[in-house]
Amino acid sequence: METQSQTAMKEKNKKAVRMTGAEAVVKSLINEGTELIFGYPGGAIMPVYDALYSYQKELHHVLVRHEQGAVHAAQGFARVTGKVGVCIVTSGPGATNAVTGIADAMIDSTPLVVISGQVGSSLLGSDAFQETDVVGITQPVTKWNYQVKRAEEIPEAIARAFYIARSGRPGPVLIDITKDAQFASLDYVYEPVKYIRSYKPVPQVDPVQVQEAARLINLAKKPMALVGQGVILARAEKELLEFIEKTGIPAAWTLLGLSAMPSEHPLNVGMLGMHGNYGPNLKTNEADLIIAIGMRFDDRVTGDLKKYAINAKVIHLEIDPAEINKNVHADVPILGSVKDSLPLLTQMVSANSHESWLEQFKACYRIEFERIIEKELSPVKPGLTMSEVVDKVSVAFDDDAIMVTDVGQHQMMASRYFRFKQSRSVVTSGGLGTMGFGLPAALGAKMGAPERPVVLFVGDGGFQMTIQELGTIFQTDSAVKIVLLNNNFLGMVRQWQELFFDKRYASTELINPDFQTIAKGYHVNSLKVDKREELDNAIKTMVAHNGPFLLEVIVEKEGNVFPMVPAGASVSDIRLE
């Protein structure tokens, strides 16, 4: 009598279709629902590109100008859609060029599948042309990576890659495929992976811990919620609002938690961290309870750990066990997806309001407004400030665009002064702080959400790191609005040099090219503004233009971002000037 496994094998064999490994790669991507990939061809991945040629209707490929751009574009796509971003690169320099983006995705929990070509398996370890041990190089910056040497391994490897990339705490996965595996044939059957033994991506929520957390919340007089990207990744924005509105707890957000709740929500008290708002930083050390929701207590949020949350008990809602007690001790850790744990907590807590405590945050905001914000948004000096440009652009898009940033002063100004009405409206490099991230990420974001306006804020330093992706934007006709905030400096480094190195501006001043001429070369319309009276009309022109647009704004050369918590200082030592 035939066993169940033998019967299943026969059924599987009936479904099998003979094809090459290269075609199996393409078919596997399609079977995972992939519609868009970013990449750059080369010798070791050429069989896959040849297979792609026959599936152009099912799978749209975007030819970037550099492999780093491919990964950042896939990140932008993943961040606005919640889907897995996919990119394909060749071996050697193609793969190593992708490493920065992979590392960025790892620390910012962005789901990616990166497929790299590799030299033939008989050449592995021989220092063959364009051979690099990309599996060894990327092991520390991927959730999982794997080298395929036989065509038969391709379907399962890709199925595992997608499952691992999107499940639990998301992240990047790399599959390295030798050239002979791409050429060889296999009997192809695709089975999506739904379970991997010993891999438990979503821990079960412990009801006892939830009960203890509810008890602390009900007793707290000065509670504060810290909202991270985990809320967005879990699609738990509704659950977050239900929790804070029932409890009346003031909520602050991390850089990547931005847009998890509307900017104008009455319980939204602003951004945490080095350049965050005055109130949430200062009040961290006055709070008697910290409720961390899907955030990891990054050093840019905590400052000096020995002087952080000194009066508070800590409740930590987190999907990744490795983050519990890593930086800050959790009195009550609640493992699991916040999509599951927040509703359980909301059921158990008492309805409350903390009006007098919330009023203290409002008082801090009034101080910050008078000392900083008012001067930034309505400056008396002739030079344009980054913040007034950001504010006006936000208004022009009805506070409802997707904001993408590069890294630097403009990133902090954009995060402080741009406003949001819906989630998944921010794409920025948080943990790695990758200059050059912005332009390709904006391309990916626009391709992921074509119905929404996408505006990129970028500095003159970071813009030039991946400026060649203007070619990809032109070729794809992606209507990205680029706001180049040009101060002819590496602004954030210069600010530190001013404040902590006696204004010794070592290698931070830039002699820049004519960005309008470069934009024209890429067939991208542009304007340049250096006077306040020209700004409003220039922004209107940018918004109204049907296609990509570069608006270069010359801003004050030595403007600084305040408030600021100096590196290594306590959050209570936040400076207003």
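One is the number of the first residue; the rest follow in order along the sequence.
Side-chain atoms of Q75 and D104, non-hydrogen and from C-beta on, do get closer than 4.5 Å to each other. Residues L527 and M542 form no side-chain contact, since every pair of their non-hydrogen atoms from C-beta on lies 4.5 Å or further apart. Between E552 and V483, every side-chain heavy-atom pair lies at or beyond the 4.5 Å cut-off. Contact check for V134 versus L174: side-chain heavy atoms found under the 4.5 Å cut-off. Contact of the R65 side chain with the Q475 side chain is registered, since non-hydrogen atoms from C-beta on lie closer than 4.5 Å. Between R494 and Q409, the closest side-chain pair of non-hydrogen atoms falls below 4.5 Å. Using a 4.5 Å heavy-atom threshold, the side chains of V426 and L256 count as separate. At a threshold of 4.5 Å between non-hydrogen side-chain atoms, the residues I539 and L551 count as touching.
For F397 and F418, the ring centers are positioned 6.0 Å apart or more. Ring to ring, H61 and F38 are not that close: their centroids are 6.0 angstrom or more apart. Annotation: H410 is not in aromatic contact with F457 [ring centroid separation under 6.0 Å not met].
At a cut-off of 3.5 Å, with distance as the only test, a side-chain donor of Y55 or E23 sits close to an acceptor on the other residue. No hydrogens or angles considered: a donor-acceptor pair under 3.5 Å links the side chains of S109 and R169. D176 and N145 share no donor-acceptor pair across their side chains, judged by distance under 3.5 Å alone. Q147 and T178 share no donor-acceptor pair across their side chains, judged by distance under 3.5 Å alone. Side chains of E237 and S423: a donor-acceptor N/O pair is present below 3.5 angstrom, by distance only. Under 3.5 Å, the side chains of D406 and Q411 contain no donor-acceptor pair of N or O atoms. With 3.5 Å as the limit, one finds no donor-acceptor pair spanning the side chains of H60 and Q56. Between the side chains of N277 and E368, a donor-acceptor pair is found at a separation under 3.5 Å. Remark: the T466 side chain and the E469 side chain contain no N/O donor-acceptor pair separated by less than 3.5 Å. In this model, no donor atom of one side chain and acceptor atom of the other lie less than 3.5 Å apart for E558 and N487. In this model, no donor atom of one side chain and acceptor atom of the other lie less than 3.5 Å apart for T132 and T96. A donor-acceptor pair shorter than 3.5 Å can be found between the side chains of R452 and S425.
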* To do: Mind running salt bridge (charged side-chain N to carboxylate O under 4.0 Å, His left out) on R166 and E32 for me, showing each step along the way?
  => CA-CA 11 Å; R166 67 164 67 99; E32 284 291 345; 3.3 Å; yes
* Applying side-chain contact (heavy atoms from CB on, under 4.5 Å), run through Y417 and L377 and close with a yes or a no. => CA-CA 9 Å; Y417 294 103; L377 298 184; 3.9 Å; yes
* Decide yes or no on salt bridge (charged side-chain N to carboxylate O under 4.0 Å, His left out) for K421 and E264, but give the supporting numbers first. => CA-CA 8 Å; K421 293 178 179 177; E264 302 304 318; over 6 Å; no
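Heavy atoms of other residues, nucleotides or ligands lying less than 6.0 angstrom from CZ of F501 number 12 at most. Within 6.0 Å of atom CD in E35, 12 or fewer heavy atoms from other residues, nucleotides or ligands are found, so the atom counts as exposed in its surroundings. The number of heavy atoms from other shown groups lying within 6.0 Å of CZ (F129) does not exceed 12.
Screening M564, H275, M274, Q495 for a side chain to side chain contact (heavy atoms under 4.5 Å, CB included) involving M412 leaves a single residue, H275.
Between W144 and Y146, the angle of the ring planes stays under 30°, which puts this pair in the parallel group of the 30/60° scheme. Using a 30° and 60° split on the angle between ring planes, F515 and F463 fall in the tilted class, from 30° to 60°.
A distance-only check finds a donor-acceptor pair linking the side chain of K179 to the backbone of G43 [under 3.5 Å]. Side-chain atoms of D50 do not come within 3.5 Å of backbone N or O of M46 as any donor-acceptor pair. With hydrogens and angles disregarded, no donor-acceptor distance shorter than 3.5 Å links the side chain of K375 to the backbone of P379.
With respect to K557 and E509, a salt bridge is recorded, a charged nitrogen being found less than 4.0 Å from a carboxylate O. Between R419 and D391, at least one side-chain N (NZ, or NE/NH1/NH2) sits under 4.0 Å from a carboxylate O, which counts as a salt bridge. Ion pairing between D298 and R300 fails under the 4.0 Å rule for side-chain N and carboxylate O.
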Name the atoms and distances for all side-chain donor-acceptor pairs under 3.5 Å in residues 435-444, with sequence neighbours left out.
none

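Identified under the ring-ring contact (aromatic ring centres under 6.0 Å, His included) test for residues 528-554, with sequence neighbours left out: H545-F549.
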